[in-house]
Amino acid sequence: MDSMSKSKKPRTSLQRSLVGPAGEHYVLYQLHPQGMMAALAPRNAPSVDVLVLHEDETISACIQVKTRTSGADKGWHMHEKHERIHGPHLFYAFVDMEPTEPAVFIVPSAVVADVVRRTHALWLSTPGKNGQRHNQSTMRRIAPKYQCPLNDLPEDWMEKYRGAWGLL
């Protein structure tokens, strides 16, 4: 058996397009047993995928859901705008669909903005292939573990947010 047949078959664009909605619905599914009322935000809301409601039906939290299906651990795709999007009631739900039971990390948006900004700056300052400088880009990536010096950020910084539904 050659190495190509051992590796995973690439997903189609249709399969890739279903990953995000699957993560959003998984977050809704997880909120229900927590006793939280929640609903999908209107389509194309700029920074919110799920609205969490108080019993009086006012919004208590807004969640931006980021979903991945393959780890190896390159994390989740982000954008430079995520360095600036934060608020006291805005959270990210990073959903990892690869384990047997999907894992969800509930992270405050201010923490995400800080980590995305700092890790991108570090990436820009370190040499790339053949010692070349990295080019500035609007793309970012956030990972559950970092093996780089970020002072107060432990290597497995995201682990404390695993299943942290109580933050909402």
Side-chain angles (χ1 to χ4, degrees), residues 16-69 71 73-99 101-125 134 136-146 148-168:
R16 286 190 310 271
S17 72
L18 296 174
V19 172
E24 292 169 0
H25 286 85
Y26 187 75
V27 167
L28 288 173
Y29 166 77
Q30 289 297 316
L31 289 168
H32 179 73
Q34 306 290 329
M36 296 183 212
M37 295 188 304
L40 291 177
R43 188 174 289 283
N44 298 322
S47 59
V48 178
D49 296 313
V50 174
L51 301 170
V52 181
L53 307 173
H54 286 294
E55 286 183 15
D56 67 2
E57 298 179 8
T58 59
I59 297 171
S60 65
C62 299
I63 304 172
Q64 171 82 182
V65 179
K66 297 290 185 183
T67 309
R68 70 180 188 172
T69 58
D73 213 312
K74 298 203 172 150
W76 291 265
H77 293 280
M78 303 295 282
H79 191 273
E80 78 179 325
K81 70 181 180 182
H82 294 110
E83 295 178 2
R84 299 180 300 278
I85 298 174
H86 56 85
H89 302 289
L90 177 61
F91 296 84
Y92 285 83
F94 292 102
V95 181
D96 185 354
M97 298 295 252
E98 281 300 305
E101 179 71 24
V104 182
F105 303 87
I106 303 298
V107 186
S109 59
V111 172
V112 171
D114 182 57
V115 171
V116 169
R117 180 184 46 75
R118 291 169 55 197
T119 56
H120 184 70
L122 181 64
W123 177 79
L124 283 174
S125 71
H134 288 116
Q136 184 58 269
S137 166
T138 59
M139 296 308 297
R140 306 286 188 268
R141 193 171 291 278
I142 194 166
K145 293 183 178 185
Y146 290 106
C148 55
L150 283 174
N151 299 335
D152 60 332
L153 193 66
E155 180 181 329
D156 64 345
W157 75 278
M158 197 180 273
E159 196 57 39
K160 73 179 184 179
Y161 298 107
R162 180 186 293 269
W165 301 104
L167 292 176
L168 303 173

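In this chain, residues are counted from 1 in sequence order.
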Results of side-chain contact (heavy atoms from CB on, under 4.5 Å) for Leu40 - residues two or more places apart only: Glu24, His25, Leu28, Val50
Step by step, work out the side chain to side chain contact (heavy atoms under 4.5 Å, CB included) result for Ile142 and Arg140. CA-CA 7 Å; Ile142 194 166; Arg140 306 286 188 268; over 6 Å; no
Using only atom types and a distance under 3.5 Å, with no angle test, would you say the side chain of Thr67 pairs donor to acceptor with the backbone of Val95? no
Run the salt-bridge test on Arg68 and Asp96 with the 4.0 Å N-O cut-off and return the result as yes or no. yes
For Val107 and Val115: C-alpha separation, side-chain torsions, deciding distance, then whether side chain to side chain contact (heavy atoms under 4.5 Å, CB included) applies. CA-CA 11 Å; Val107 186; Val115 171; over 6 Å; no
Which pairs, with at least one residue in residues 27-45 and sequence neighbours excluded, count as a side chain to side chain donor-acceptor pair (under 3.5 Å)? Tyr26-Gln30
Minimum side-chain heavy-atom gap Trp76-His82 below 4.5 Å: no
Side chain to side chain, His77 and Arg141, heavy atoms closer than 4.5 Å: yes
Given His120, which of Gln136, Glu83, Glu80 fulfils the side-chain hydrogen bond (donor to acceptor under 3.5 Å, both in side chains) condition? Gln136
Contacts of His89 that satisfy side-chain hydrogen bond (donor to acceptor under 3.5 Å, both in side chains) - sequence neighbours left out: none
Option passing side chain to side chain contact (heavy atoms under 4.5 Å, CB included) with Ile63 (candidates Val52, Val48, Asp49): Val52
Using a 3.5 Å distance criterion without hydrogens, assess whether the side chain of His54 forms a donor-acceptor pair with backbone atoms of Asp56. no
Check whether any side-chain heavy atom of Tyr92 lies under 4.5 Å from a side-chain heavy atom of Ile85, and answer yes or no. yes
Any idea which heavy atoms bring Trp157 and Val111 closest together, and the distance? CZ3-CG1, 3.9 Å
